[in-house]
Undergrad: 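One structure coming up, written as structure tokens, with questions to follow.
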Amino acid sequence: MPRALDHLVIPARDLSAQAELYRRLGFQVGARNRHPWGTENHIVQFDDAFLELIGLGEDFAPPPPAPRSFSFAGFVAQYLARREGLAMLVLRSRDASADRDSFAARGLGDFERFDFARKAKRPDGSLVDVAFSLAFAQSAALPATGFFVCQQHFPENFWNRAAQVHPNGALGVASLMCVHPEPSDASAFLSDFLAAPSRAIEGGLAFEIDAARVECVTPAADRARIGEGARDEERQGLAAMEIRVAELARVEAILRANGVAFSCRAASLVVAPDTAMGVRIEFAEIARPPRPV
């Protein structure tokens, strides 16, 4: 069975500015949270996945390297030293320990499981406990992109319908675009990690996962699609996300009212990476695909 998207990790050098940007884009942005190791985040939640807006706290210090340990905080810090944008693709897990062992057996990465907990603030201001177990994978073809799965131990405390209602009518992540000069080089890893076969599309490959799609295309194909795209080696990896919305007209009105620059492309509205702090955001009215059977 194809896996399901859990969340996307989107680092920014100024987390407050990033949170304000996403509010101006029409999202409901959650309260600021702090991880035990010094990164801080805001959550933009949908009914089946979320966006993690993340930055480094004032007293952040990179953790020391450890054998067989994938440092989430270290990865975020290294990513921000190069750029802002879409850094990590995270899938849902029912058993992070089993996934860790499976990744090691299949050559996707032999890292120790990583567990952590924090307090989360609900929209009403109350605090609840949330806890997670992560299992990391790694792609030689996409070294600047992070991949892991996430098991939630208190999902009833994390997911909240009130947090999932957005002024722009956003309903979830419809697709992700990854850029690579040779998409076939990343095909085996992506197919294995996503548990989904690839199919050929113009300029690359597509993978259908639960309720979403992941595309890996060449820089030329990305530019042809949207009129812009990966310009250099630093732009390889995750480049764009397509957000499913109820009404494009509502999104357009919010962007205009809030002074956010955008362009109209066929059946979508596009906010360019230079405006959206390193990530291209596409809004589109598209039906949610049926779940795989």
Side-chain angles (χ1 to χ4, degrees), residues 3 5-13 37 39 51-52 54-56 60 62-91 93 96 99-114 134-150 175-196 198 203-207 209 214-223 229-241 273 277-280:
R3 289 186 178 270
L5 178 67
D6 187 78
H7 69 280
L8 302 174
V9 180
I10 312 175
R13 297 185 179 110
W37 49 83
T39 53
L51 310 179
E52 181 177 11
I54 192 166
L56 308 180
F60 175 80
R68 296 181 61 211
S69 174
F70 187 102
S71 172
F72 174 86
F75 183 92
V76 170
Q78 291 170 11
Y79 189 91
L80 284 174
R82 298 190 305 272
R83 57 165 297 188
E84 300 174 301
L86 272 172
M88 308 184 86
L89 168 57
V90 189
L91 304 178
S93 174
D99 286 328
R100 192 229 76 85
D101 293 344
S102 177
F103 290 163
R106 288 159 27 221
L108 301 187
D110 188 12
F111 301 102
E112 296 290 348
R113 190 189 72 201
F114 181 66
L134 315 180
F136 292 91
Q138 193 171 51
S139 168
L142 295 164
T145 301
F147 299 91
F148 64 94
V149 297
C150 177
S175 65
L176 298 169
M177 279 63 81
C178 180
V179 174
H180 193 281
E182 296 290 343
S184 59
D185 290 352
S187 177
F189 171 84
L190 289 173
S191 184
D192 208 353
F193 178 70
L194 300 170
S198 65
L205 302 165
F207 307 81
I209 60 175
V214 177
E215 296 181 0
C216 185
V217 300
T218 65
D222 191 51
R223 283 192 294 270
R231 294 186 290 270
D232 53 36
E233 292 298 318
E234 287 299 309
R235 292 289 184 177
Q236 290 185 26
L238 292 171
M241 59 182 176
M277 303 177 78
V279 54
R280 188 173 76 240

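Reckoned from all heavy atoms, side chains included, excluding hydrogens, waters and symmetry mates.
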Undergrad: When you look at F189 and F147, which way does the ring pair (Phe, Tyr, Trp, His ring centres under 6.0 Å) test go after all the steps?
TA: CA-CA 10 Å; F189 171 84; F147 299 91; 4.8 Å; yes
Undergrad: Could you check F70 against F75 for ring pair (Phe, Tyr, Trp, His ring centres under 6.0 Å), going step by step and ending with a plain yes or no?
TA: CA-CA 8 Å; F70 187 102; F75 183 92; 5.7 Å; yes
Undergrad: Between the main-chain N or O of L134 and the side-chain N or O of R113, is there a donor-acceptor pair closer than 3.5 Å?
TA: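 Not confirmed, R113 side chain does not pair with L134 backbone.
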Undergrad: Give me the atom names and distance for the closest heavy-atom approach of G278 to R83.
TA: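 Of all heavy-atom pairs spanning G278 and R83, the closest is O-NH2, 2.7 Å.
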Undergrad: Of the non-hydrogen atoms in I209 and L5, which two are nearest, and what is the gap between them?
TA: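 Heavy atoms of I209 and L5 come nearest at CD1-N, 4.2 Å.
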Undergrad: Considering only heavy atoms from C-beta outward, does the side chain of I10 approach that of I54 to under 4.5 Å?
TA: no
Undergrad: Please report the interatomic distance SG(C178) to CD(E215), rounded to the nearest 0.5 Å.
TA: 10.5 Å
Undergrad: Would L91 and C150 count as a side-chain contact (heavy atoms from CB on, under 4.5 Å) here? Give the steps.
TA: CA-CA 6 Å; L91 304 178; C150 177; over 6 Å; no
Undergrad: Do V90 and L8 come within less than 4.5 Å of each other through their side chains, counting heavy atoms only?
TA: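 Counting from C-beta outward, V90 and L8 never come under 4.5 Å.
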Undergrad: To the nearest 0.5 Å, how far apart are NE2 in H180 and OG in S187?
TA: 11.0 Å
Undergrad: How far apart are the closest heavy atoms of P183 and G203, and which atoms are they?
TA: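 P183 and G203 have their closest heavy atoms at CG-O, 3.9 Å.
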Undergrad: Could R3 and D99 be called an ion pair, given the rule that one side-chain N must be under 4.0 Å from one carboxylate O?
TA: yes
Undergrad: Using a 4.5 Å cut-off on heavy atoms from C-beta on, say whether the side chain of L142 contacts that of Q236.
TA: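 SC-SC contact between Q236 and L142 ruled out.
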Undergrad: Between F72 and F136, is the ring centroid distance below 6.0 Å?
TA: no
Undergrad: List the atom of V179, the atom of A239, and the distance in Å for their closest heavy-atom pair.
TA: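 Reported closest heavy-atom pair: CG2-CB, 3.8 Å.
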Undergrad: With a 4.5 Å heavy-atom cut-off, do D192 and R106 have their side chains touching?
TA: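 A side-chain contact under 4.5 Å exists here.
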Undergrad: I'd like to check S69 versus E112 (side-chain heavy atoms, cut-off strictly below 4.5 Å). Are they in contact?
TA: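 Counting from C-beta outward, S69 and E112 never come under 4.5 Å.
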Undergrad: Between OG1 of T39 and CG of L56, what distance do you get to the nearest 0.5 Å?
TA: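 Atom-to-atom, T39:OG1 and L56:CG are 7.5 Å apart.
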Undergrad: With the side chain counted from C-beta on, respond yes when V149 and D6 share a heavy-atom pair under 4.5 Å apart, and no when they do not.
TA: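 They are not in contact (no side-chain heavy atoms under 4.5 Å apart), so the answer is no.
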Undergrad: Taking C-beta and beyond as the side chain, do H7 and L51 meet within less than 4.5 Å on heavy atoms?
TA: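 No, too far: nothing below the 4.5 Å cut-off.
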Undergrad: Rounded at 0.5 Å granularity, tell me how far SG in C216 sits from CG in L176.
TA: 11.5 Å
Undergrad: So W37 and F114, would you call those rings parallel, tilted or perpendicular, with 30° and 60° as cut-offs?
TA: tilted
Undergrad: Can you name the closest pair of heavy atoms from P219 and P181 and give their distance?
TA: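 Reported closest heavy-atom pair: CD-CA, 3.9 Å.
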Undergrad: Nearest heavy-atom pair of L86 and Y79: which atoms, and what distance?
TA: O-OH, 3.0 Å
Undergrad: May I ask you to decide if A141's main-chain N or O and S139's side chain share a donor-acceptor pair within less than 3.5 Å?
TA: yes
Undergrad: Does R100 pair with D110 as a salt bridge, N-O distance under 4.0 Å?
TA: yes
Undergrad: Is there side-chain contact between R13 and E84, with at least one heavy-atom pair below 4.5 Å?
TA: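 They are in side-chain contact.
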Undergrad: Which label fits F193 and F103: parallel for a plane angle under 30°, tilted from 30 to 60°, or perpendicular past 60°?
TA: tilted
Undergrad: Would you say S191's side chain and A196's backbone share a donor-acceptor pair under 3.5 angstrom?
TA: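 Between the backbone of A196 and the side chain of S191 there is a qualifying donor-acceptor contact (under 3.5 Å).
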